[in-house]
Amino acid sequence: MSKNERLIFHVDVNSAFLSWESVHRLAADPESIDLRTIPSAVGGDKQSRHGIVLAKSTQAKSFGIVTGEPLTHALQKCPSLVVVPPNFEVYTRYSERLMNLLSEYTPTLNQFSIDEAFLDMTDTYHLFGAPMDIANQIRDRVLKELGFTVNIGISTNKLLAKMASDFKKPNLCHSLFPSEIPEKMWPLPVEELFFVGKSAKAKFGILGIRSIYDLAHTNVNILKTHLGNKYSALIHEYANGIDEEPVEVTDPKAKGCGNSITLSQDVIDNAIAKQVLLALSETVGARLRSSNVSCSCITVEIKYTNFQTYTHQTVLPHQTNTTATIYEAACRLFDEFWDNSPIRLLGIRTTKLDDTDFSQISLFDNNQSDKFKKLDSAIDSIRNKYGIDSVKRASFLKKG
DNA sequence: TGTTGAATCCCAC
DNA sequence: CTAACGGTGGGATTCAACA
């Protein structure tokens, strides 16, 4: 490794939710069947039929089932598919155990999602051995100590490490050093490059760009005629394996906080919609308050039955994190732009977050909202004591 | 000319 | 029936309004 090069690992849990669900169930009942050995999936709410596949077993994958597809679709492909509901609290625990294990290898660790992490091993790898040996050691330890498999990608930056962890699965470690790019990365279809989605793939197709090689060897200015300026520059660098972003140990402050829900039945009644907005306001408000932040912008989202989505937003005169204030703004926005047709999804999102300024709030809030704040505090404490779902509005319980 | 806001689009997990 | 489907969050883009 030359002196300025970094050593970056990307660790990715194979079929995370399904693996964790299996380990969890086997721990509770050693006689139960290992979901990983049958066609199975972790999926959303079976009852309302609104779920999608969140994770699938290898056997389910052999039926052509892919993550993100509707459960009904997956069941058509494989009628015997065993579908289990997700258990996020359990997954969070396994995630924490994994991160704790990984943190033994470097202090420079960043959790990218519930089941992925980047490790900057530059300053610590010499304590443990050669890069590939360390990765295999981590992989073995995770399986032996925690019971599930991971893939680990090894390279000199985050992009290449992440691409490498996506190579052959499961339970494998791969390197993708810059010298290996022509052989290991450029032949791949362009949509396998991180940050190339459906839309970019289509535009690349127009330009005759099919592989990552094609993209890497296309003039950036050509890209900029069909895609955004910043995006073109970024994706061209990615295709050439360039990524200077450091592994950040501390995450940046949250920029927004929202809550949305696909309703178990389409809503056509204004009063019902308002009750849903109240429940959403309550969730968002509680989360803002627990983070000691307030918002200055509120957005309401409506998805109609044809899946067309619209948003409407407003900037508040003063920052707030009280349920009642969020709710009132959301109602006003909703009434301003709802076209009275059946609603599939409702959402509220708060942005322009800032540390709650108590002096400002006490200056501008009147006695009435003071009562609401007390109500919020009471609800919050119950949530904390009994769990977030213990307090629900009547409409929320009645729904469905 | 440059900034802000609003609505939409795109991406990831 | 062109179609069966989540929740959350970050960021870019486009256009209008405004200074």
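Keep in mind that this is a model prediction, so the values were computed, not measured. The chains referred to below are lettered A, B, ... by the order of the sequence lines, with proteins before strands, and numbering in each begins at 1.
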Query raised in the report: What does A:Lys203 touch in the nucleic acid at a heavy-atom separation under 4.0 angstrom: a base, only the sugar-phosphate, or nothing?
Result: nothing
Query raised in the report: Are any of A:Thr262's side-chain N or O atoms less than 4.0 Å away from OP1 or OP2 of C:dG6?
Result: yes
Query raised in the report: Looking at the side chain of A:Pro70, which of C:dA4, C:dG7, C:dG6 is the nearest nucleotide?
Result: C:dA4
Query raised in the report: Just how far, in rounded Å, is C1' of C:dG11 from NZ of A:Lys352?
Result: 14 Å
Query raised in the report: Going through the distances and angles, do A:Arg25 and A:Glu21 end up as a salt bridge (Lys or Arg N to Asp or Glu O under 4.0 Å)?
Result: CA-CA 6 Å; A:Arg25 286 169 181 241; A:Glu21 191 65 40; 2.9 Å; yes
Report task. Tell me what A:Glu116 touches on the nucleic acid: a base, only sugar-phosphate, or nothing, going by heavy atoms under 4.0 Å. Result -> sugar-phosphate
Query raised in the report: Given atom NZ of A:Lys56 and atom P of C:dC5, what is their separation to the nearest angstrom?
Result: 20 Å
Query - Any A:Asn259 side-chain nitrogen or oxygen under 4.0 Å from OP1 or OP2 of C:dT8 - result: yes
Query - Dot-bracket summary - DNA chain B, pairs being Watson-Crick or G-U whose distances fall under 3.5 Å, with | when paired to another strand - result: .||||||||||||
Query raised in the report: Taking for each residue the nucleotide of DNA chain C with the nearest heavy atom, is it A:His73 or A:Lys230 whose nucleotide lies nearer the 5' end?
Result: A:His73
Query - Options C:dA12, C:dG7, C:dC5, nucleotide nearest the side-chain atoms of A:Ser260 - result: C:dG7
Query raised in the report: Between A:Tyr105 and A:Phe128, how do the two ring planes meet: parallel, tilted or perpendicular, split at 30° and 60°?
Result: tilted
Requested in this report: Rounded to the nearest angstrom, tell me the gap between atom CG in A:Leu234 and atom P in C:dG10.
Outcome: 18 Å
Report task. Describe the nucleic acid contact of A:Ile114 in one word from base, sugar-phosphate, nothing, applying a heavy-atom distance below 4.0 Å. Result -> nothing
Report task. Measure from OH on A:Tyr91 to P on C:dG6 and round the result to the nearest Å. Result -> 18 Å
Report task. Find which nucleotide of DNA chain C each of A:Tyr231 and A:Gly258 is nearest to by heavy atoms, and output the residue with the more 5' nucleotide. Result -> A:Gly258
Query raised in the report: So do the side chains of A:Gln319 and A:Ser296 get within less than 4.5 Å of each other, counting heavy atoms only?
Result: yes
Query raised in the report: OP1 or OP2 of C:dG10 less than 4.0 angstrom from a side-chain nitrogen or oxygen of A:Lys255, does that happen here?
Result: no
**Report entry** Length of the line joining A:Leu223:CG and C:dA12:C1', which is rounded to integer Å
**Finding:** 16 Å
Requested in this report: Would you mind telling me which of C:dC5, C:dA4, C:dG9 lies closest to the side-chain atoms of A:Arg287?
Outcome: C:dG9
**Report entry** Backbone of A:Ala279 reached by a side-chain donor or acceptor of A:Thr283 within 3.5 Å
**Finding:** yes
Report task. Could you check whether A:Ala254 gets within reach of a base, just the sugar-phosphate, or nothing at all, counting any heavy atom under 4.0 Å? Result -> sugar-phosphate
Query raised in the report: When the ring centroid of A:Phe88 is compared with that of A:Phe17, is the distance short of 6.0 Å?
Result: yes
Requested in this report: List the steps and the verdict of side chain to side chain donor-acceptor pair (under 3.5 Å) for A:Thr351 and A:Gln313.
Outcome: CA-CA 10 Å; A:Thr351 50; A:Gln313 71 183 46; over 6 Å; no
Requested in this report: Could you tell me if the ring centre of A:Phe337 sits under 6.0 Å from that of A:Tyr310?
Outcome: no
Query raised in the report: Roughly how many Å is it from CG in A:Leu263 to P in C:dC5, rounded to a whole number?
Result: 14 Å
Query - Whole angstrom value for the distance that separates P of C:dT8 from CG of A:Leu353 - result: 15 Å
Query raised in the report: Are the side chain of A:Arg139 and the backbone N or O of A:Asn171 linked by a donor-acceptor pair below 3.5 Å?
Result: yes
Query raised in the report: What's the CD-C1' distance between A:Gln308 and C:dT2, to the nearest Å?
Result: 14 Å
Query raised in the report: Across the strands shown, which category fits A:Lys162 at heavy-atom distances under 4.0 angstrom: base, sugar-phosphate, nothing?
Result: sugar-phosphate
Query raised in the report: If you measure from the C1' atom in C:dC1 to the same atom in C:dC5, how many Å do you get, rounded?
Result: 15 Å
**Report entry** Covered region of DNA chain B, 5' end to 3' end, by chain A [heavy atoms, under 4.0 Å]
**Finding:** B:dG5 to B:dC13
Query raised in the report: For atom C1', what is the distance between B:dC11 and C:dG6, given to the nearest Å?
Result: 15 Å
Query raised in the report: Looking only at atom C1', what distance separates B:dT1 and C:dA16, rounded to whole Å?
Result: 16 Å
Requested in this report: Using the side chain to side chain contact (heavy atoms under 4.5 Å, CB included) rule, take A:Phe63 and A:Leu81 through it: C-alpha gap first, then chi angles, then the decisive distance, then the call.
Outcome: CA-CA 10 Å; A:Phe63 281 88; A:Leu81 184 73; over 6 Å; no
Query - Side-chain donor or acceptor of A:Ser19 paired with backbone N/O of A:Ser15 under 3.5 Å - result: yes
Query raised in the report: C:dG9 phosphate, OP1 or OP2: any side-chain N/O from A:Arg349 under 4.0 angstrom?
Result: yes
Query raised in the report: When you look at NZ of A:Lys61, are more than 12 heavy atoms from neighbouring residues, nucleotides or ligands closer to it than 6.0 Å?
Result: no
